[in-house]
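Read through the structure below, which is laid out as structure tokens, and then see the notes.
Counting convention: from 1, in listed order, for ligands and their atoms alike.
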Amino acid sequence: MRIVLYRGDGVIEPWEREFSAVMPGVETVTWKEGQLLPSCDYAVLWNPAPGLLAQLDEVKAIFLMGAGVDAVLKFGEALPRVPLVRLGDAGMGVQMAEYVAHAVLRYFRRFDEYEQQARHGAWNPLPQHAKEHFTIGVMGLGRLGMPVVEAMRHFGFPVRGWSRSPKDLPGVQTFAGMEALGDFLHGIRVLVCMLPLTQETTNLLDRHNLGRLASGAYLINVSRGAILNEPDLMTLIRSGQIAGATLDVFRHEPLPAPHPFWNEPRITLTPHISALTMRHDAVRQIVAKVQALENGDTVTDLVDRQLGY
Ligand code: NDP
Ligand code: OXD
């Protein structure tokens with residue numbers, strides 16, 4: 001069996017080593033712009049180049065080294081019509097829960113304000129927020145959204161969830177579809193975005209929708225930058241309607257040097273690290289799916305090209 005491994009960032013050698021360790025008989029090949037690819041059974045990719053995609057019509061499936069699929073679906077008809085398989089949780093769910101729990105608790109327990117106070121030598125206990133009014137809204141109740149919901153429930157916050165299709169989750173107030181978006185957003189204190197980037201979700205977090213949150217609400221975006229209208233967020237933060245944000249993803253990454261987010265103290269930035277691909281887990285998951293396909297079995301985590309995730 002031959003598998004082509006490709007990453008837009010070129011860091012492929014550790015993946016080759018991991019595949020050889022888990023699947024000793026497999027031949028892994030790499031690809032460089034302009035090369036003719038030998039016939040391969042499968043492709044395992046992240047941020048692929050169009051020149052490679054054009055040579056993958058004959059593979060049995062394309063596996064992605066991550067959970068987000070927007071960077072491949074953007075190729076539209078140029079993407080070979082073969083099964084496209086994203087990573088499942090593969091160790092990312094717990095990382096998302098850690099990241100979001102940290103950002104929520106930092107805001108809820110006012111650690112951000114205590115950090116500022118400490119810098120000025122101020123010993124000044126602040127009034128505690130009332131948890132029963134501190135509703136956390138999670139947009140996207142998928143593989144990575146659900147561990148976040150569970151973490152928030154663990155801490156006893158009132159939790160709302162929003163998804164495309166209706167869900168029944170114990171202890172969570174659920175909302176589904178665009179028609180329920182207004183009711184979902186109304187009065188939320190912390191909004192967590194865990195949605196995939198699709199035609200429907202692009203620019204969803206704009207002035208209008210963010211303006212529906214409770215006054216002084218907080219935003220956490222860990223999914224994709226283009227879901228957020230960045231100038232609208234700046235306007236709402238400057239006006240005080242939004243208290244601040246923790247952002248891990250941006251419309252342009254790395255975030256360009258002159259971007260106003262860099263100099264806004266109410267925004268905490270991280271460089272797209274909220275849930276990293278765990279190579280060890282990812283390769284084992286992909287290899288198990290390759291074996292399932294070879295045995296004629298179905299696999300989970302197939303991408304629905306119509307839905308865009
Ligand atoms: P899933 O596909 O498992 O879940 C997506 C969720 O979003 C589902 O609940 C789905 O609803 C909901 N959804 C999709 N479209 C809409 C819509 N139009 N309206 C309402 N709800 C919608 O995705 P994951 O949880 O695995 O991942 C989410 C995203 O996180 C990824 O797409 C990726 O962009 C991002 N990500 C970011 C990382 C980082 O480090 N920053 C790392 C990994 C992923 P339904 O349940 O009805 O289908
Ligand atoms: C992913 C990501 O989608 O790293 O896996 O953002």
Side-chain angles (χ1 to χ4, degrees), residues 7-9 11 44-48 63-74 84-100 102-103 137-151 159-169 172 174-185 191-205 209 220-228 245-251 253-255 268-279 281-282 285-286 300-309:
R7 290 182 62 90
D9 62 11
V11 182
V44 180
L45 316 171
W46 193 242
N47 288 332
F63 291 91
L64 300 178
M65 295 171 179
V69 300
D70 45 294
V72 283
L73 290 189
K74 73 174 183 203
L84 184 60
V85 190
R86 51 155 283 180
L87 279 186
D89 179 319
M92 285 186 274
V94 67
Q95 295 179 71
M96 280 299 186
E98 289 164 358
Y99 184 102
V100 172
H102 174 268
V138 181
M139 306 181 93
L141 302 173
R143 297 159 186 82
L144 308 183
M146 280 312 297
V148 168
V149 165
E150 279 151 25
V159 181
R160 287 187 201 162
W162 185 67
S163 52
R164 196 182 46 78
S165 55
K167 307 252 183 292
D168 187 8
L169 303 174
V172 181
T174 54
F175 300 80
M178 288 297 167
E179 56 289 356
L181 181 60
D183 289 342
F184 164 75
L185 293 172
L191 181 67
V192 185
C193 179
M194 306 281 325
L195 292 168
L197 179 65
T198 65
Q199 270 183 7
E200 278 198 313
T201 64
T202 301
N203 286 321
L204 187 66
L205 298 181
N209 283 326
I220 300 170
N221 187 13
V222 281
S223 63
R224 286 293 182 265
I227 298 173
L228 173 66
T246 293
L247 306 175
D248 183 50
V249 287
F250 305 90
R251 198 162 285 256
E253 295 181 3
L255 186 66
T268 299
L269 304 177
T270 51
H272 199 136
I273 49 76
S274 50
L276 299 171
T277 293
M278 302 279 105
R279 202 166 34 242
D281 297 17
Q285 186 177 110
I286 292 168
T300 55
D301 307 310
L302 281 167
V303 176
D304 183 325
R305 294 176 194 226
Q306 286 303 110
L307 292 178
Y309 65 98

Is there a heavy atom of [X] sitting under 4.0 angstrom from any atom of ligand 1?
{"X": "L197", "answer": "no"}
{"X": "G66", "answer": "no"}
{"X": "T198", "answer": "no"}
{"X": "M96", "answer": "yes"}

Could you tell me whether a side-chain N or O of [X] sits under 3.5 Å from a main-chain N or O of [Y], the two making a donor and an acceptor?
{"X": "T268", "Y": "T246", "answer": "no"}
{"X": "D70", "Y": "L197", "answer": "no"}
{"X": "W162", "Y": "V138", "answer": "no"}
{"X": "T174", "Y": "K167", "answer": "yes"}
{"X": "E253", "Y": "P271", "answer": "no"}
{"X": "N209", "Y": "L204", "answer": "yes"}

| field | Any N or O of A67 closer than 3.5 Å to N or O of ligand 2 | value | yes
List ligand 1 atoms under 4.0 Å from [X], heavy atoms only on the residue side.
{"X": "S274", "value": "39 (C), 40 (O), 41 (N)"}
{"X": "G145", "value": "25 (O)"}
{"X": "V222", "value": "37 (C), 38 (C), 39 (C), 41 (N)"}
{"X": "K167", "value": "45 (P), 46 (O), 47 (O)"}
{"X": "A67", "value": "43 (C), 44 (C)"}
{"X": "R86", "value": "1 (P), 2 (O), 3 (O), 23 (O), 24 (P), 26 (O)"}
{"X": "D248", "value": "39 (C), 40 (O), 41 (N)"}
{"X": "M92", "value": "43 (C)"}

| Test item, H272 contacting ligand 2 (heavy atom, 4.0 angstrom) |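 Heavy atoms of H272 do come under 4.0 Å of ligand 2.
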| query | Do Y99 and T270 have side-chain N/O donor and acceptor atoms under 3.5 Å apart? | reply | yes
| If you measure from each non-hydrogen atom of E200 to ligand 1, which part falls under 4.0 Å: side chain, backbone, both or neither? |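 For E200, the contact with ligand 1 is made by the side chain alone.
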| For ligand 1, is any non-hydrogen atom under 4.0 Å from V249's backbone (N, CA, C, O), its side chain (CB onward), both, or neither? |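 Just the side chain.
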| message | At less than 4.0 angstrom from any non-hydrogen atom of G66, what atoms of ligand 2 do you find? | response |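 Going through ligand 2 atom by atom, the ones under 4.0 Å from G66 are 5 (O).
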| remark: Under 4.0 Å from one or more heavy atoms of G68, ligand 2 contributes atoms 1 (C), 3 (O), 5 (O)
| query | Is it the side chain, the backbone, both or neither of R224 that has a heavy atom closer than 4.0 Å to ligand 2? | reply | side chain
| query | Can you tell me which residue and heavy atom of the protein come closest to atom 44 (C) of ligand 1, and the distance to 0.1 Å? | reply |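 Minimum-distance protein heavy atom for atom 44 (C) of ligand 1 reads L144 CD1, 3.5 Å.
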| remark: closest protein heavy atom to atom 19 (N) of ligand 1 is W162 CH2, 3.2 Å
| So does H272 have more than 12 non-hydrogen atoms from other groups sitting under 6.0 Å from NE2? | yes
